[in-house]
Amino acid sequence: MNADSKVAIVTGASRGIGKAIALALGKQGHRVVVNYHSNVEEAEAVVRAVKETGGEAVAHQADVSDYAEAEGLVEKAKETFGRIDILVNNSGIARDQLMLRMKEEDFDKVIAVNLKGAWNMCKHVARPMLKQKSGRIINIASVVGLIGNAGQTNYVASKAGLIGMTKSLAQEFGKKNVTVNALAPGFIRTKMTDSLPEEIKDDYLAKIPLGRFGEPEDVAAAVLFLAGDAAAYISGQILGVNGGMYG
Ligand code: NAP
């Protein structure tokens with residue numbers, strides 16, 4: 001373990017963007033708690049991959065939308081690695097539908113996981129981070145939380161809420177040297193976006209100046225920056241990772 005080794009919790013790290021973030025943090029020598037909701041095999045594979053690159057990691061099941069389970073996830077990090085330096089709120093779900101067809105439970109569920117889940121995690125890391133007078137919280141929002149998107153009133157509300165929460169918490173925690181920032185990724189190639197119809201993907205692609213979809217590693221690189229020493233004076237910011245489609 002190197003002297004700069006930090007302890008990170010990454011929620012929803014069993015696949016996609018969360019997996020890339022966990023691998024990137026592990027590769028830098030950080031100790032990583034790999035949270036997952038239902039997919040234990042994929043989470044354990046991420047733990048093995050982190051260990052193969054010389055890092056330390058442990059998997060922990062928790063539904064972040066459940067207050068007590070989120071607390072258990074933070075306790076796991078403390079028990080296993082003794083502290084918490086970095087929290088990446090990455091867990092997220094989508095239940096897309098136009099307003100007329102969207103069911104009330106689809107609104108509630110998306111808000112519960114994407115927004116309340118991040119709030120739960122921030123609430124439980126607050127005390128240890130404020131006490132040790134250091135910490136980095138990085139919330140994975142979305143470009144649609146800034147520009148809106150038809151068919152995603154629930155998802156967009158959750159991400160716009162996460163952006164507002166990021167700015168508010170940055171004001172609350174700044175005095176104790178805890179930074180709070182958000183990333184607003186554009187279209188990133190993961191399971192969440194794989195199932196979109198080809199014409200919708202083509203529409204997105206036409207709006208991306210860099211001419212390609214993002215990869216999970218593009219988001220992970222921005223997390224490494226915000227978690228690292230170079231970002232010590234950056235807080236309350238929303239960083240786009242979107243190939244230039246908005247900013
Ligand atoms: P993904 O491939 O669908 O992965 C979602 C992750 O969240 C999985 O690890 C899943 O765990 C976990 N998860 C779901 N419900 C959970 C819960 N209740 N508690 C804890 N974990 C839960 O999604 P992704 O594309 O990598 O997206 C990651 C984040 O980036 C999300 O917040 C998403 O909104 C955001 N984002 C994605 C894009 C994009 O284009 N892909 C763009 C902007 C923002 P299990 O596998 O165990 O169920």
Side-chain angles (χ1 to χ4, degrees), residues 9-24 32-47 59-74 76 87-96 108-121 124 138-149 152 154-163 165-166 182-196 200-201 203-205 207-208 212-220 222-223 238-243 245-246:
I9 299 174
V10 184
T11 69
S14 51
R15 61 170 190 261
I17 293 170
K19 174 181 176 179
I21 293 168
L23 293 177
V32 188
V33 180
V34 173
N35 161 249
Y36 65 99
H37 180 230
S38 50
N39 209 325
V40 62
E41 289 84 10
E42 280 188 293
E44 291 294 355
V46 174
V47 167
H60 185 78
Q61 194 281 333
D63 176 349
V64 293
S65 69
D66 183 293
Y67 188 80
E69 290 189 26
E71 186 172 26
L73 175 55
V74 173
K76 178 74 177 185
L87 166 65
V88 184
N89 280 314
N90 167 79
S91 291
I93 59 168
R95 299 271 189 281
D96 297 351
D108 291 344
K109 182 74 185 160
V110 169
I111 297 290
V113 175
N114 298 10
L115 183 57
K116 175 78 185 323
W119 185 88
N120 285 339
M121 291 302 298
H124 295 305
I138 299 155
N139 295 322
I140 309 301
S142 170
V143 66
V144 298
L146 296 165
I147 63 176
N149 198 20
Q152 290 198 305
N154 50 0
Y155 183 83
V156 170
S158 75
K159 296 302 186 180
L162 190 55
I163 287 168
M165 194 172 91
T166 300
L183 295 179
F187 189 110
I188 310 297
R189 293 198 317 138
T190 68
K191 195 171 174 186
M192 189 181 266
T193 46
D194 276 354
S195 56
L196 289 173
I200 293 193
K201 289 187 192 171
D203 263 9
Y204 273 113
L205 195 54
K207 291 181 190 138
I208 302 172
R212 68 168 176 91
F213 295 132
E215 300 295 334
E217 291 72 21
D218 292 313
V219 182
V223 169
I238 315 303
L239 177 61
V241 185
N242 59 32
M245 72 180 272
Y246 178 78

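In listed order, ligands and their atoms are each counted from 1. What you see is a predicted model, and the numbers here were worked out from it, not measured in a lab.
Taking distance alone, with nitrogen or oxygen atoms compared against 3.5 Å, V113 stays at or beyond that limit from ligand 1. For ligand 1, the polar-atom distance check finds no N/O of Y36 at less than 3.5 Å from any of the ligand's N/O atoms. Checking only distances, T190 does come within under 3.5 Å of ligand 1, N or O to N or O. For S91, a nitrogen or oxygen atom sits less than 3.5 Å from a nitrogen or oxygen atom of ligand 1, counting backbone and side chain alike. Taking only nitrogen or oxygen atoms, main chain and side chain alike, I188 reaches within less than 3.5 Å of ligand 1. Considering backbone and side-chain atoms alike, T193 places every N or O at 3.5 Å or more from each N or O of ligand 1. Looking at ligand 1, you won't find any N or O of P185 less than 3.5 Å from one of its N or O atoms.
For the pair V34 and S14, the minimum side-chain heavy-atom distance is 4.5 Å or more. When side chains are defined from C-beta on, M165 counts as touching W119, because their heavy atoms get closer than 4.5 Å. In this structure, V110 and I93 have side chains that are in contact, with non-hydrogen atoms separated by less than 4.5 Å. Side-chain contact check for E71 versus L73: every heavy-atom pair is 4.5 Å or farther apart. Side-chain contact between F187 and K207 is absent, with no heavy atoms from C-beta onward closer than 4.5 Å.
At the top of the distance list for atom 28 (C) of ligand 1, counting protein heavy atoms only, stands N90 OD1, 3.2 Å. Of the protein's heavy atoms, I140 CG2, 3.4 Å lies nearest to atom 30 (O) of ligand 1. Of all protein heavy atoms, the one lying nearest to atom 16 (C) of ligand 1 is H37 CB, 3.6 Å. Nearest protein neighbour of atom 42 (C) of ligand 1, counting heavy atoms only, is G186 O, 2.9 Å. The single protein non-hydrogen atom nearest to atom 19 (N) of ligand 1 is V64 N, 3.0 Å, given as residue, atom name and distance. Protein heavy atom in closest approach to atom 15 (N) of ligand 1: I93 CG2, 3.6 Å. Counting only heavy atoms of the protein, atom 37 (C) of ligand 1 lies nearest to I17 CD1, 3.6 Å. Of all protein heavy atoms, the one closest to atom 36 (N) of ligand 1 is Y155 OH, 3.5 Å.
Residue nearest to atom 5 (C) of ligand 1, selected from S195, A62, G92: G92 (by heavy-atom distance). The closest non-hydrogen atom to atom 1 (P) of ligand 1, taken over R15, K191, Q61, comes from R15. Nearest-residue assignment for atom 11 (O) of ligand 1 (options S14, G12, A43; heavy-atom criterion): S14.
Within ligand 1, counting atoms from 1 as listed, the ones closer than 4.0 Å to a heavy atom of S142 are 43 (C), 44 (C). Close contacts of ligand 1 with G16, meaning ligand atoms under 4.0 Å from a residue heavy atom, involve 26 (O). Atoms of ligand 1 lying under 4.0 Å from any heavy atom of N35, numbered from 1 in the order shown and given with element: 20 (C), 21 (N). Residue F187 approaches ligand 1 through these ligand atoms, each under 4.0 Å from one of its heavy atoms: 40 (O). Distances below 4.0 Å separate heavy atoms of S38 from the following atoms of ligand 1: 45 (P), 47 (O), 48 (O). Ligand 1 places these atoms under 4.0 Å from at least one heavy atom of D63: 17 (C), 18 (N), 19 (N).
Rounding to the nearest 0.5 Å gives a distance of 13.0 Å between NZ of K19 and CG of N90. In this structure, NE2 on H37 lies 10.5 Å from CZ on R15, to the nearest 0.5 angstrom. Rounded to the nearest 0.5 angstrom, L239 CG and I138 CD1 are separated by 10.5 Å. In this structure, NZ in K201 is found 5.5 Å from CG in D194, a value given to the nearest 0.5 Å. Put simply, CG on N154 and CG on D96 are 6.5 Å apart, with the number rounded to the nearest 0.5 Å. With values rounded to the nearest 0.5 angstrom, K159 atom NZ is found 13.0 Å from N149 atom CG.
Heavy atoms of V144 found under 4.0 angstrom from ligand 1: none, in either backbone or side chain. Contact annotation: for K159 versus ligand 1, heavy atoms closer than 4.0 Å belong to the side chain alone. At a heavy-atom cutoff of 4.0 Å, ligand 1 is contacted by no atom of P216, backbone or side chain. When non-hydrogen atoms are compared, ligand 1 lies under 4.0 Å from neither the backbone nor the side chain of N114.
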**OP:** Would you sort out whether I208 and N242 count as a side chain to side chain contact (heavy atoms under 4.5 Å, CB included), showing the intermediate values?
**Re:** CA-CA 7 Å; I208 302 172; N242 59 32; over 6 Å; no
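Between D218 and R212 there is a salt bridge, since at least one side-chain N of the basic residue sits less than 4.0 Å from a carboxylate O of the acidic one.
Between H124 and Y67, a ring centre-to-centre spacing shorter than 6.0 Å is recorded.
Not a single donor-acceptor pair under 3.5 Å links the side chain of N139 to the backbone N or O of T166.
Between the side chains of N35 and T11, no donor-acceptor pair of N or O atoms lies under 3.5 Å.
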